[in-house]
Each structure stands twice: as C-alpha cells, then as structure tokens.
Amino acid sequence: MGLSDARNDFLHKLTTRLVRENQTIAVEDLAVKNMVKNRKLALSISDARWSELVRQLEYKCDWYGRTFVKIDRWFPSSKRCGHCGHIVDELPLNIREWECPKCISRHDRDINASKNILAAGLAVKVCGASIRPDSLKVKGQLRKTSNGELAPVLAVSVDGGLPNPEGKKQKPNS
C-alpha cells in the first residue's frame, strides 16, 4: 500500500468513526488555500489534507443522517473566552496559552477554540441560524444559510444561553 492509499484509508476510517460516534459535527471553515501560502506550514497543511477531511465529514454526515455545521472563518473561536465570552483584541499565532483579562481563566488556544466551535455548532443546530462574529452589532440582519434560506444572525453565549434580539439570554430548547 502506497503512502497516498494509506492516507486515504486513514481519512475514511477517521471520518466514519467521527460521524458514527457523534450526532453533530462542527468544523471551522478555514481558508486552506491562504494557509498554504505560508512556506513554513504549507507542507504540513497539504499533508494533513484538511479540505478532504471536511469534504468526507460533510458527505458522511448527510449519509448517516447527522448534522454537519461549518462555522464562519471569521468567528473568533480562539480569541473568545470559553468561560465568560470576552473576546481579546489580538492573539498572535505564536501565543499557544492565554489568560482572559476579564475572568482570569487560563486557556490552551486550540482546546478553547474547539469548545467555542462546538458551542457555536450546537447553537446552529438548536436555532437553525448562522454564526457570525460580533453579531450583536449587526442586530436584525439576515444571512443566507447553506440551503439558500434566510436566517437571523446569531451570537453564541458561553453558558449555553442564546441571546434574543433584545440581547437578553434565553435557554436553548432541550
């Protein structure tokens, strides 16, 4: 078995396992084409085949009747505190751990981002809306969903509550 076949086999097994074991898969819509322009990361990013991983997750979720959610690439998944929701102004890529200036929680950048992406994906599943950063500033706007329908812009609250148009939190449907 060649290297390419081994990578394909691994991707198929991984995506099948992820989809079978989870009802909802949430991924960040990354600009992979722009990321491979970084010479230091290009080979690693290409080897990982991120685009193919997302493609397989998407079609397998559809196949198995699971929910697949792509979170907008501009959603501040790394910069948003997973405890209080505060968004730091800047977070350079070389900073792997950071402390929230508002609630003093310490975060691993990647783990915090994954929790925020999951929260956003579950909010989309519950409300059927699109996730956009700083959506409270664009209150009342609509955005097209993947199936072409218009949906209200939604902000995600960290404690599971979802803001209504007046900015007050409401509990999600269980």
Side-chain angles (χ1 to χ4, degrees), residues 8 10-36 45 48-88 91 93 105 107-165 167-174:
N8 284 332
F10 173 77
L11 276 180
H12 276 290
K13 288 178 180 175
L14 175 66
T15 54
T16 300
R17 181 178 175 194
L18 287 171
V19 170
R20 283 184 177 171
E21 293 178 0
N22 298 281
Q23 294 297 313
T24 301
I25 303 283
V27 298
E28 196 169 20
D29 183 23
L30 299 174
V32 176
K33 287 181 183 176
N34 291 338
M35 295 170 73
V36 294
I45 290 168
R49 301 185 60 202
W50 288 349
S51 298
E52 178 64 13
L53 176 82
V54 172
R55 187 193 71 79
Q56 286 187 25
L57 284 171
E58 192 166 11
Y59 90 76
K60 288 180 183 183
C61 280
D62 186 45
W63 195 7
Y64 285 93
R66 305 296 200 246
T67 303
F68 180 81
V69 181
K70 269 189 187 176
I71 304 302
D72 191 283
R73 73 182 58 159
W74 304 112
F75 178 72
S77 58
S78 297
K79 298 191 316 184
R80 180 184 297 258
C81 175
H83 293 285
C84 73
H86 176 75
I87 300 173
V88 295
L91 191 61
L93 286 174
S105 296
H107 299 288
D108 174 280
R109 178 192 191 102
D110 298 325
I111 293 171
N112 183 59
S114 67
K115 289 178 182 178
N116 286 328
I117 291 167
L118 175 61
L122 293 175
V124 168
K125 182 179 178 182
V126 170
C127 298
S130 298
I131 298 294
R132 301 265 330 246
D134 303 320
S135 60
L136 293 178
K137 294 178 185 173
V138 292
K139 182 168 59 174
Q141 288 189 1
L142 296 176
R143 178 174 180 206
K144 281 192 176 182
T145 60
S146 59
N147 59 4
E149 297 175 0
L150 292 177
V153 175
L154 174 72
V156 176
S157 165
V158 206
D159 61 357
L162 302 171
N164 63 22
K168 298 176 185 169
K169 289 183 183 172
Q170 57 188 9
K171 289 293 178 189
N173 299 336
S174 297

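Just the heavy atoms: all of them, side chains too, but no hydrogens, waters or symmetry mates, feed the values below.
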Notebook entry, point to check: Run the side-chain contact (heavy atoms from CB on, under 4.5 Å) check on Phe75 and Asn116 step by step: do they pass?
Noted result: CA-CA 9 Å; Phe75 178 72; Asn116 286 328; 4.2 Å; yes

Check: Is the number of heavy atoms from other residues, nucleotides or ligands within 6.0 Å of CZ (Phe10) greater than 12?
Finding: no

Note to self: I'd like to know whether NZ of Lys115 has more than 12 heavy-atom contacts from other residues, nucleotides or ligands below 6.0 angstrom.
What the structure shows: no

Checklist line | Separation of Lys79 NZ from Leu91 CG (nearest 0.5 Å) | finding: 7.5 Å

Margin query: To the nearest 0.5 Å, what is the distance between OG on Ser77 and CD1 on Ile87?
Written below: 10.5 Å

Give the minimum heavy-atom separation between [X] and [Y], together with the two atoms involved.
X     : Y      : value
Ala26 : Gly121 : CB-CA, 3.8 Å
Arg80 : Gly85  : CG-O, 3.7 Å
Gly82 : His107 : N-CE1, 3.6 Å

Item checked: Candidate pair Gln23 and Lys125, rule side-chain contact (heavy atoms from CB on, under 4.5 Å), full reasoning -> CA-CA 10 Å; Gln23 294 297 313; Lys125 182 179 178 182; 4.1 Å; yes

Check: Ion pair present between Glu58 and Arg55, side-chain N to carboxylate O less than 4.0 angstrom?
Finding: no

Item checked: Any Leu18 side-chain heavy atom under 4.5 Å of Lys60 side chain -> no

Next item on the list: With sequence neighbours excluded, tell me which residues meet side-chain hydrogen bond (donor to acceptor under 3.5 Å, both in side chains) with Asp110.
Entry: Arg96

Next item on the list: Identify, with sequence neighbours excluded, every residue that meets side-chain hydrogen bond (donor to acceptor under 3.5 Å, both in side chains) alongside Asn22.
Entry: none

Checklist line | For Leu57, the option from Leu14, Ile25, Asp62 that meets side-chain contact (heavy atoms from CB on, under 4.5 Å) | finding: Ile25

Next item on the list: Spell out, as yes or no, whether a donor-acceptor pair under 3.5 Å connects the side chain of Arg73 to the backbone of Asp29.
Entry: yes

Notebook entry, point to check: Could you go step by step and tell me if Gln56 and Thr16 meet the side-chain contact (heavy atoms from CB on, under 4.5 Å) rule?
Noted result: CA-CA 8 Å; Gln56 286 187 25; Thr16 300; over 6 Å; no

